[in-house]
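As the structure is a computational prediction, the values presented were derived from the model and not from experiment. Residue numbers start from 1 in every chain, and the chains themselves are labelled A, B, ... in the order their sequence lines are given, proteins ahead of strands.
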Amino acid sequence: MLRTHTCGELRAVDATVPVILCAWVHRRRDHGDLTFIDLRDRYGITQIVASAKDQPEAHAALKDVRSEWVLRVHGTVRERPAGTRNDKLATGEIEVVASTVEILNEAKTPPFYVNEETPVDENLRWKYRYVDLRRERSKDLMRLRHEVTTFIRSFFVERGFWEIETTMMIRSDPTGARDFVVPSRYYPGKFWALPQSPQQLKQILMIGGIDKYVQIARCFRDEDPRADRIYELTQLDVEMSFVEPKDVMSITEECYTQVFERFAQKPLHRTPFPRLTYDEAMRRYGSDRPDTRFGMELVDLSEAVRGTSFAVFKDAVARGDVVRAIVVAGKAGASRKDVDGWAAVARTKGAKGLVSFAFAGSEVRSPVAKFFTAEELERIRTSSGATNGDLVLAVASDDHTASASIGTLRAHLGEELHLADASTHHFLWVHPFPMFERTPGGGWTFSHNPFSGPLSEKDAALVETDPATAYSTQYDLVVDGNELGGGSVRIHSRALQEKVFQVMGISKEEAATRFGALLDALEYGAPPEGGIATGMDRTVMILAGLASARETIAFPKTQTGYDPLLDAPAALDPAQLAELGLKVETKPGPR
RNA sequence: GGUCCCGUGGUGCAGCGGCCUAGCAUACGUCCCUGUCAAGGACGAGAUCGCCGGUUCGAAUCCGGUCGGGACCGCCA
């Protein structure tokens, strides 16, 4: 080893010990004939000192040294003179008196500060990620992620789970997200796909008798990235044989309770985690991942407005649609501009408009006030639970659109008005879910996962007779309004799996082509089994209180999926293309 | 595919029709300094305001386009 100690470990008891430290120059303080260097590595910062009088050789060497140079310092640990200790440093009671200073490497002036917490343009941060990773914030996030991952892995391993690596090159299946694909050289014209998740593989592992599987698995989804959605995500992937939903939920809950108690910056609001059905979540919060850190639950005004002369509401109720609303406490004074902005939010989820009622003293201000009698307005007030000074925002639409648009508005207002309890983390389960949801074309698609089993025998029967009313074993784990993950107990009969595909308009033949391996496996003794997958990037992001998942990974890409560090993606040279049997028709873009 | 915000010395910001010969902080360079720890002091260098075009007597500032970054909608089983 080039060093005897790290920069984080020396204390007063080490005084007089000869040491060799190797690390980066964090800061230099030059007092002329006395020079201090803060030497920094992953472990901490240690002050190096050299004086012209007593350590002339080291002192001379330090004259030229600059920030981020890499040094090897030979010296002796000394307790700092009285009055010069630094309580802010773990090593603040000592300093290393340098005898010789070797320069292992010089460094250009860094493109941004390593020793300060200023925000930096992400393009620059990712391009110089090796500099960025030296920053305390980035380093702490890498450590947090490492510790959380290690903890979770041990948690499952201690409970009898085997970590098994599944293949990264699989068959493309264009359901769900777009696949990232890899051309095959040996089979020209054919392609591998990178897995969106190891879903089918882990089910096949259960059929193989592995019994309990865990993997911190990389998954790839070629959809436009967002702050909390990246191309390459890492998920905690778990599967167990001979289980019911409560078994998977219970071990997941135990794991996440421990993870958050150990690593979060604030306590859990409540354990055990509350449970909402999908229907209740939609009815009360207008979301299948409700943020329960604040109230403002949805209210139904359909009955209250049934007899009014306001056609939008009256006609909606008459045709079986609903009027849903939220009460924004104390916002009766909101401006027209505010309300217009909120209406735009509601419209993004399909609302045709947004009607406001401001209850200010004896007066009710609303753009549509003239269509309502005083009694009707009072009925709206009482059935919404609004009190003086409150603002009621209402949408008329079909049940799902009304809930979803008001729910989105609720989430938006929660952010805008800082309504959420910031002192605790609110976990909850959403379970069960409907098995199917409507496609825009009027058909059916799976609500989460085509392999999710029906909740009961009754639901299994409904798959054929009335898919709309069939419930699945699906459970989602939600924290602070974020979907952390989800899973289900799987279908373990080929016949039922094929029936489910059929409802979704996938024929037996098509299913056999796309999901052949799994369907065949189901005929060779498939156990009842289930599992869950949760997002590790999101987990770390929430633990660290970040708004973006990009910082939680070592080598992030930009929002357009560009990697500034490696300058990727990049064109292939013609020889590579030829070998793969590929011809590129689109000219590469500006990059 | 779409909407919105941003782009000014290395970095982070200010300036938003003429007072800009572009300001501040910090970093950077040279010098002074033996107890600092965001060291201090003195001096200095560094940007034609992302790019292209337009409006104007005059553009960092207004308009259009384009490129790049970010937030969001669509999309994300």
Side-chain angles (χ1 to χ4, degrees), chain A residues 26-39 45-55 59 63 66-68 78 80-89 91-92 95 108-128 131 173-179 196-197 199-200 219-231 233 341 344-345 347-350 408 412 415 433 435-437 439-440 445-452 472 474 483 486 488 500-501 504 506 514-515 533 535 547-548 550 557-560 562 564 589-591:
Chain A
H26 189 64
R27 242 182 260 280
R28 187 173 71 113
R29 288 180 297 280
D30 185 348
H31 291 228
D33 286 338
L34 184 70
T35 300
F36 298 98
I37 298 281
D38 284 344
L39 209 56
I45 288 177
T46 296
Q47 176 167 286
I48 310 299
V49 64
S51 86
K53 183 163 144 275
D54 300 322
Q55 297 83 31
H59 181 263
K63 265 287 178 231
R66 292 295 180 268
S67 284
E68 300 309 312
R78 171 168 82 188
R80 293 198 191 186
T84 66
R85 296 190 172 199
N86 186 347
D87 297 334
K88 284 184 274 182
L89 285 183
T91 61
E95 61 194 356
K108 288 183 173 179
T109 302
F112 47 83
Y113 304 110
V114 174
N115 52 21
E116 276 183 40
E117 284 300 320
T118 41
V120 177
D121 178 73
E122 289 194 15
N123 217 11
L124 204 62
R125 275 185 81 184
W126 309 152
K127 179 167 182 180
Y128 296 97
V131 174
D173 168 38
T175 47
R178 206 174 284 119
D179 283 325
Q196 296 174 28
S197 98
Q199 182 63 41
Q200 294 183 58
C219 310
F220 305 85
R221 295 176 192 175
D222 187 6
E223 296 296 343
D224 293 358
R226 287 283 195 286
D228 63 344
R229 259 167 41 195
I230 47 188
Y231 273 168
L233 53 134
V345 173
R347 264 187 240 110
T348 64
K349 294 290 175 178
T408 299
H412 175 91
E415 290 240 333
F433 278 78
M435 274 195 82
F436 301 100
E437 50 187 58
T439 61
T445 185
F446 42 94
S447 75
H448 270 79
N449 178 315
F451 312 110
S452 292
S472 81
Q474 180 75 31
E483 184 190 329
S488 63
V500 167
F501 283 138
M504 299 173 346
I506 300 174
R514 282 164 56 178
F515 307 105
S548 155
R550 284 190 294 276
K557 296 173 176 48
T558 69
Q559 196 178 54
T560 50
Y562 172 70
R591 275 178 142 140

Legend entry - Complementary nucleotide of B:U48, counting Watson-Crick and G-U pairs under 3.5 Å: none

Legend entry - Pairing partner of B:C24 (Watson-Crick or G-U wobble, both distances under 3.5 Å): B:G12

Legend entry - B:A71 OP1/OP2 closer than 4.0 Å to side-chain N/O of A:R226: no

Legend entry - Base B:U26 paired with A:E116 side chain (donor-acceptor, <3.5 Å): no

Inset, instruction - Using both distances under 3.5 Å as the test, list the Watson-Crick or G-U wobble partner of B:G40, or none. - result: B:C32

Legend entry - side-chain N/O A:K349 vs B:G74 OP1/OP2, d < 4.0 Å: yes

Legend entry - Side-chain N,O (A:Q196) to OP1/OP2 (B:C76) below 4.0 Å: no

Legend entry - Nearest non-hydrogen partners of A:H59 and A:L34, listed with the distance: NE2-N, 3.7 Å

Inset, instruction - Taking atom C1' in both B:U66 and B:G7, compute the distance separating them and give it to the nearest angstrom. - result: 13 Å

Inset, instruction - Give a yes or no on whether a donor-acceptor pair under 3.5 Å exists between the nucleobase atoms of B:G68, that is its base, and the side chain of A:Q559. - result: no

Legend entry - Phosphate OP1/OP2 of B:A71: any A:R550 side-chain N/O under 4.0 Å: yes

Inset, instruction - Can you label the angle between the A:F451 ring and the A:F515 ring as parallel, tilted or perpendicular, going by 30° and 60°? - result: perpendicular

Legend entry - Mate of B:A71 where both pairing distances stay under 3.5 Å, Watson-Crick or G-U: B:U3

Legend entry - Strand partner of B:G17, provided both Watson-Crick or wobble distances fall under 3.5 Å: none

Legend entry - Given B:C75, B:G35, B:U11, the nucleotide with the shortest approach to the side chain of A:V120: B:U11

Inset, instruction - Can you check whether any acceptor in the base of B:G68 is under 3.5 Å from a donor in the side chain of A:D121, or vice versa? - result: no

Legend entry - A:Q196 (side chain) donor-acceptor with A:A177 (main chain) under 3.5 angstrom: yes

Inset, instruction - Verify the contact: side-chain N or O of A:T558 to OP1 or OP2 of B:G69, cut-off strictly under 4.0 Å; return yes or no. - result: yes

Legend entry - Set of ring-ring contact (aromatic ring centres under 6.0 Å, His included) partners for A:F112, sequence neighbours left out: none

Inset, instruction - Compare side-chain N and O positions of A:S548 against OP1 and OP2 of B:G70 and report whether any pair is under 4.0 Å apart. - result: no

Legend entry - Non-neighbouring partners of A:Q559 that pass side chain to side chain contact (heavy atoms under 4.5 Å, CB included), sequence neighbours left out: none

Legend entry - Pairwise distance CG(A:N86) to OG1(A:T91) - rounded to 0.5 angstrom: 8.0 Å

Inset, instruction - Output yes when at least one side-chain N/O atom of A:R80 is less than 4.0 Å from OP1 or OP2 of B:C37, else no. - result: no

Inset, instruction - For B:A59 and B:C49, measure between their C1' atoms and round to the nearest Å. - result: 11 Å

Inset, instruction - Ignoring backbone atoms, establish whether A:K88 has a side-chain N or O less than 4.0 Å from OP1 or OP2 of B:A38. - result: yes

Inset, instruction - Please state whether the phosphate of B:A39, meaning OP1 or OP2, lies under 4.0 angstrom from any side-chain nitrogen or oxygen of A:R29. - result: yes

Inset, instruction - Please give the nucleotide sitting opposite B:A59 as a Watson-Crick or G-U wobble pair, both distances under 3.5 Å, or none. - result: none

Legend entry - Span that lies between the C1' atom of B:U61 and that of B:G50, in whole angstrom: 16 Å

Inset, instruction - State whether A:R66 places a side-chain N or O below 4.0 Å from either non-bridging phosphate oxygen (OP1 or OP2) of B:G29. - result: yes

